[in-house]
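See structure below.
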Amino acid sequence: MSSHIAYNKIIVVYAPLQRNYVNHNSLLSRLRTHEKVKPQPASKNGSARRDTVFSMARRLVRISSLATVAFGASGFFLYNTRVDLNDLSLVRFGRAAATTAVISYDYLTAFKEVEHGTEEYWALKSKVHRRSAERLRDLCCANRGTFIKVGQHLGALDYLLPEEYTSTLKVLHSRAPQSSMEEIQQVIREDLGKEVSELFASFEERPQGAASLAQVHRAVLHDGRTVAVKVQHPKVQRQSSRDIMVMEVLVRAVHWLFPDFSFVWLVEEAKKNMPLELDFLNEGRNAERVAAMLGHFPFLKIPKIHWDLSTKRILTMEFAEGGQVNDRDYMEKHSINVNKISENLGKLYSEMIFVHGFVHCDPHPGNVLVHKCPQTKQTEIVLLDHGLYQVLEPDFRLNYCRLWQSLINGDMSGVERYSRRLGAGDLFPLFACVLTARSWTSVNAGISSVPVTASEDVEIRTNASLYLPQISDLLNRVPRQMLLLLKTNDLLRGIETTLQTRASSSSFINVSRCCVRAVARHKRSKARSRRRRLQITLDESLSLCRLSVYELLLWVKSSTLGLWLTALLRLLQ
């Protein structure tokens, strides 16, 4: 269908040129006839001028004819090679540049007649944010591929971007393009060297899910095992580097127009991470590494990789059933404990971040499934899409651990010290708020002791809009490793908010436990005597024991017995 559309566009463009080609030939014929059949006496100078005019006319006709033939040939080539005009770099760049220009012009001119700080100003600013976000969303949908991937990243930055942007761009998770079955078969044929029917007993044409870079099909092997086949969109590999270059040029241009807007860090991250995400063999290795690393968690399931049916563009893995982690209806239908899921998810990511420093950085709901095993009746968390991982440097990870310990305990001198070590500088109060998505008042009191309220959430979202220049400055200061961690934090917080388990005490206990273990391991590696190592181990055990007692008290307090005891004490008082 796309090739016929492209052909129709080419016909529209080249039809006038074809008519011109005929007219030019006719004109040349008339000139020659006039020159040969109807010669008229003239002066020597007049004859020379006439010869010059005829010569120029001949050249013009020849050049025009050659240009017409060239354009016609290029149109014929585009038609025969079935090129979609949307895949041309010039078209993609033009669309992105036009959208950037319109958004920039809107911000430059919208507030000229409005006094800064008034209610009218804030209402207008919200409208400008909204329509700019919609234009950006439409650009991502039109250019697809890398643009959708970056748009999804922006949509996940809750508490870092204005709500108008994040809520509008979140829909990109469900707007990913789909490749046709012919394109999927072509990729499989090129990479695996066989037809789909030779490799699989059955292969569902309709994808189970489509993402910005690939789509997943359910298939059955000839031995009866059900697998998920992840196939990369055929054009993404070729377009990604050029798309990122376009984004970089446009982001720098916007930064030149609006010095407060500085999102170059986002393009730099995309430039570094996109090649890794496009290598599905790297994704398979990451999956096996994290499965071995977190194998002690019985509730975690990582699908096994079929290496004989995997390449850089194809990843074949064990098929995993389940509902998305933010689907409360699915959990209620299958009698899955929402609080337990949230707690176990916190355990997984606390272990990855603080203990191992190897972090799955794309936990959006489509990549985290929950499933109750029919045989064991145990609830499993299925972790998918292992293309994007962050490896934390030891010093960075240790400072990050100590910062979280300070935030949980309300140790403000520690918050400032470790925030500065992580590059926040004088913006450490803003950094603490961004990291925890809590107000400065809650941070001062200790985030584990102050529950999250709806009014605090509104305050945080409002401040994200007010302090956008400072947030941009902060994100350009902190180490690159921090950026993906912030994205991961926001995605996990979004899941907790949907499950209504956000900032529960158990999540802070998991973080604290992992921080204690990580710091103790670091101290043991630096200790020079057996006595010192033994002392560190005893201190670690004591701290972990305190946390376990505190967790038990919280459980008793929330249990039926605890509720009865609380009611009895109130009655006695």
Side-chain angles (χ1 to χ4, degrees), residues 148-158 169-177 207-218 227-233 236 269-270 273-274 276-280 282-291 293-294 297 299-305 315-328 330-331 336 341-342 344-353 358-371 379-390 484-499:
I148 285 187
K149 190 71 179 176
V150 173
Q152 289 173 343
H153 189 165
L154 287 171
L157 297 178
D158 290 319
L169 295 176
K170 279 186 192 303
V171 302
L172 291 175
H173 284 293
S174 58
R175 294 276 190 96
Q208 294 286 309
S212 55
L213 305 182
Q215 62 192 49
V216 177
H217 291 260
R218 182 173 182 159
V227 294
V229 186
K230 182 176 180 180
V231 184
Q232 195 173 112
H233 297 308
V236 170
E269 283 300 294
N273 295 320
M274 193 58 64
L276 298 175
E277 292 192 75
L278 290 172
D279 182 358
F280 289 175
N282 175 66
E283 179 178 343
R285 289 189 292 269
N286 286 342
E288 290 194 340
R289 178 177 172 180
V290 80
M293 187 177 81
L294 302 178
F297 288 123
F299 56 81
L300 174 65
K301 181 176 179 59
I302 306 289
K304 293 179 181 177
I305 308 299
L315 187 66
T316 305
M317 68 201 95
E318 176 187 2
F319 189 84
E321 301 276 1
Q324 290 192 2
V325 71
N326 63 343
D327 189 345
R328 287 182 64 92
Y330 175 90
M331 294 190 202
I336 294 174
I341 290 295
S342 183
N344 287 342
L345 196 60
K347 285 181 181 178
L348 285 179
Y349 275 87
S350 295
E351 185 97 3
M352 280 192 272
I353 293 170
F358 186 66
V359 190
H360 179 276
C361 287
D362 202 11
H364 74 74
N367 290 339
V368 185
L369 306 181
V370 292
H371 171 66
T379 302
E380 297 174 335
I381 292 178
V382 185
L383 206 55
L384 304 174
D385 197 345
H386 301 270
L388 186 57
Y389 271 76
Q390 179 69 276
L484 282 179
L485 279 185
L486 290 172
K487 173 192 172 183
T488 304
N489 285 345
D490 278 336
L491 286 168
L492 292 172
R493 264 195 294 266
I495 292 170
E496 288 178 343
T497 300
T498 305
L499 298 180

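Everything quoted here is computed from the prediction, not taken from an experiment.
- Under the side chain to side chain contact (heavy atoms under 4.5 Å, CB included) test applied with Glu277, the options His386, Lys149, Glu283 reduce to a single match, Lys149.
- Shown here for Gly151 and Leu169, the closest heavy-atom pair between the two residues is O-CB, 3.8 Å.
- Each of His217, Met317, Gln215 was compared with Lys230 under the side chain to side chain contact (heavy atoms under 4.5 Å, CB included) criterion, and only Met317 meets it.
- Scanning all heavy atoms of the two residues, the minimum distance from Gly387 to Asn286 falls at O-ND2, 4.0 Å.
- Here the straight-line distance linking atom CG of Asn344 with atom CD1 of Ile381 works out to 5.0 Å at 0.5 Å rounding.
- In this structure, Val370 and Tyr330 have side chains that are in contact, with non-hydrogen atoms separated by less than 4.5 Å.
- Between atom CG of residue Leu492 and atom OG of residue Ser342 there is a gap of 9.0 Å, rounded to the nearest 0.5 Å.
- The minimum heavy-atom distance linking Gln152 with Leu172 is given by the pair NE2-O, 3.2 Å.
- For Gln232, the side-chain hydrogen bond (donor to acceptor under 3.5 Å, both in side chains) criterion is met by no residue, not counting sequence neighbours.
- Note that CD of Glu496 is 12.5 Å distant from CD1 of Ile341, once rounded to the nearest 0.5 Å.
- Of all heavy-atom pairs spanning Cys361 and Gln390, the tightest one is SG-CB, 3.5 Å.
- Within the 4.5 Å cutoff, the side chain of Met274 has heavy atoms near those of the Leu213 side chain.
- If you take CG on Leu276 and CG on Asn282, they are separated by 5.5 Å, rounding to the nearest 0.5 Å.
- The two residues Val382 and Ala320 come nearest to each other via the heavy atoms CG1-CB, 3.7 Å.
- Between the side chain of Asn367 and the backbone N or O of Asp362, at least one donor-acceptor pair lies under 3.5 Å.
- How far NE2 of His364 is from CG of Asn326: 10.5 Å, rounded to the nearest 0.5 Å.
- Using a 4.5 Å cut-off on side-chain heavy atoms (C-beta onward), Ile353 and Leu485 make contact.
- Considering only residues two or more places apart in sequence or on other chains, Asn489 meets the side-chain hydrogen bond (donor to acceptor under 3.5 Å, both in side chains) condition with Tyr400.
- Relative ring orientation between Phe358 and Tyr389 is described as parallel, the plane-to-plane angle staying below 30° on a 0-90° scale split at 30° and 60°.
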Item to complete: Might you work through the side-chain contact (heavy atoms from CB on, under 4.5 Å) test for Leu300 and Lys347, ending with a clear yes or no?
Response: CA-CA 11 Å; Leu300 174 65; Lys347 285 181 181 178; over 6 Å; no
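- Going from atom CG of Leu383 over to atom CD1 of Ile302 covers 4.5 Å, rounded to the nearest 0.5 Å.
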Practice prompt. Output, in order, the C-alpha distance, side-chain angles, deciding distance and verdict of side-chain contact (heavy atoms from CB on, under 4.5 Å) for Met293 and Met352.
Written response: CA-CA 9 Å; Met293 187 177 81; Met352 280 192 272; 3.9 Å; yes
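- Nearest heavy-atom pair, Thr498 versus Arg328, reported as atom, atom and distance to 0.1 Å: O-CD, 3.4 Å.
- A salt bridge does not link Lys487 with Asp490: every distance from a Lys NZ or Arg NE/NH1/NH2 to an Asp or Glu carboxylate oxygen is 4.0 Å or more.
- Side chain of His360 to backbone of Thr488: no donor-acceptor contact under 3.5 angstrom is found.
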